[in-house]
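Reading through the structure tokens given below for one structure.
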Amino acid sequence: MPKGALLVGPPGTGKTLLAKAVAGEAEVPFFSISGSEFVEMFVGMGAAKVRDLFKQANEKAPCIVFIDEIDTIGKKRDGQITGNDEREQTLNQLLTEMDGFDSSKGVVILGATNRPDSLDPALLRPGRFDRRIPVELPDLQGREDILKVHAKNIKIADNVNFREIAKAASGASGAELANIVNEAALRAVRDGRRFATQADMEESIEVVIAGYQKKNRVLSEKEKLIVSYHEIGHALVAAKQTESAPVHKITIIPRTSGALGYTMQVDEDEHYLMSKEELENKIATLTGGRAAEELIFHSITTGASNDIEQATKLARGMITRFGMSDEFDMVAMETVSNQYLGGDTSLACSFETQTEIDKKVVELVKRQHEKAARILQDNIMKLHELAKFLYENETITGEQFMEILTR
């Protein structure tokens, strides 16, 4: 029987829930404690708590001990010895307790963390946490099932298509999906309806992604026109490039996240690999908004700040991590740490190379920006027509967009 199992995954994927479920299924006593409870002001107290916990567990065996956020006490031990380090003593005590287990007793330890790379190697060796269970973000089928589970708790219309909602919410964790269902219920109550509809669900995805609609922020006519062209610029570039996801919805209603409008793209299927062409197309789509402003108004605004950030991040990843530049071939210039918590990157190269990388990133984005401008120039009549429609209606669906585009 394994001694311990470590649940790793991004926040909100249900690691703690899974531990609860295991306890329920196993029908044995369950001790749940958080890693931070072992960290005390006085040296030796944390270690004493660990001893107490395992003493209780041994008396109640067979049982399950669950330590949440185990990285609090399980961090890598470094070479600097600073007197009596409380955290290190706690970890040492935990290591000895886990080793001293009589495997016939039947005490299983579950740990949960979203920072597996910061854990001490001694904690992860066979005989301690010898099972590693990844609890990843759900895929399309998973999202659909999770939505159905949460939808049981609210009154919902019969014609709600969970598949469509799951498609639109790609990359959402279990906790966010629960939030989406809850938002839909709240919205239905606000509008005085007895049950949540498909429209409520779709609006609540947007609330979770982009924030609430700002009813009180009124854009001036000129700003509204600029935002219309900006958003249609994105959508038109996306639609005219073959590999791009179809546009799901475009809106120019300001949101609480600070967005003045946004273009929502929904992939038909799940993607796990991105080709170089797809990434380049994506960068071109991100530059489409700014390109439309330049083309129509011959001036530029601050509205593209988020697009610029995302485009730069993508371009940088292509060159430093995915080996997609001719010059550096297949050499990694960047390493990713904390993959489950946003994935911070750190450069691992000389200053000269960094200068080269910056040049390459600028070149790549510039090339795609020019491509986006060309696409918009070639379809300028459609750009005017779509922007006018969006300006008057404030929201345009994917079907309406394609219908005007293919007219």
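All of these numbers come straight from a predicted model, not from anything done at the bench.
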Answer whether the closest heavy-atom distance between the side chains of Ile357 and Thr320 falls below 4.5 Å.
-> yes
Are Glu309 and Lys313 ion-paired here, with the side-chain N under 4.0 Å from a carboxylate O?
-> no
Should Arg374 and Glu370 count as an ion pair when the cut-off is N to O under 4.0 Å?
-> no
Do Ser346 and Thr335 have a side chain donor and acceptor closer than 3.5 Å?
-> yes
Are any of the side-chain nitrogens in Asp200 or Arg187 under 4.0 Å away from the carboxylate oxygens of its partner?
-> yes
Gap separating the NZ atom of Lys60 from the NZ atom of Lys55, nearest 0.5 angstrom = 11.5 Å
Please say whether more than 12 non-hydrogen atoms of neighbouring residues, nucleotides or ligands are located less than 6.0 Å from NZ in Lys276.
-> yes
Close aromatic pair by centroid cut-off 6.0 Å: Phe297 and Tyr229 = yes
Is Arg316 salt-bridged to Asp358, going by a charged N under 4.0 Å from an acidic O?
-> yes
Do Glu293 and Thr301 have a side chain donor and acceptor closer than 3.5 Å?
-> yes
Less than 4.5 Å apart, any side-chain heavy atom of Ile252 and any of Leu390?
-> yes
Any donor-acceptor N or O pair under 3.5 Å, side chains Asp68, Thr16 = yes
Does the pair Glu385/Arg407 count as a salt bridge with the N-to-O cut at 4.0 Å?
-> yes
Is a side-chain donor-acceptor pair under 3.5 Å present for Gln368 with Thr287?
-> no
Salt bridge check: are Glu206 and Lys249 linked by an N-O gap of less than 4.0 Å?
-> yes
Check whether the side chains of Gln93 and Glu97 place a donor and an acceptor atom closer than 3.5 Å, and report yes or no.
-> yes
Scan side-chain atoms only and decide if Ser204 and Glu183 contain a donor-acceptor pair under the 3.5 Å cut-off.
-> no
Between Asp130, Ile133, Thr113, which is the residue that forms a side chain to side chain contact (heavy atoms under 4.5 Å, CB included) with Leu6?
-> Thr113
Exercise: do Ser350 and Thr353 side chains pair donor with acceptor under 3.5 Å | yes
Are any side-chain N or O atoms of Glu231 and backbone N or O atoms of Thr263, one a donor and one an acceptor, separated by less than 3.5 Å?
-> yes
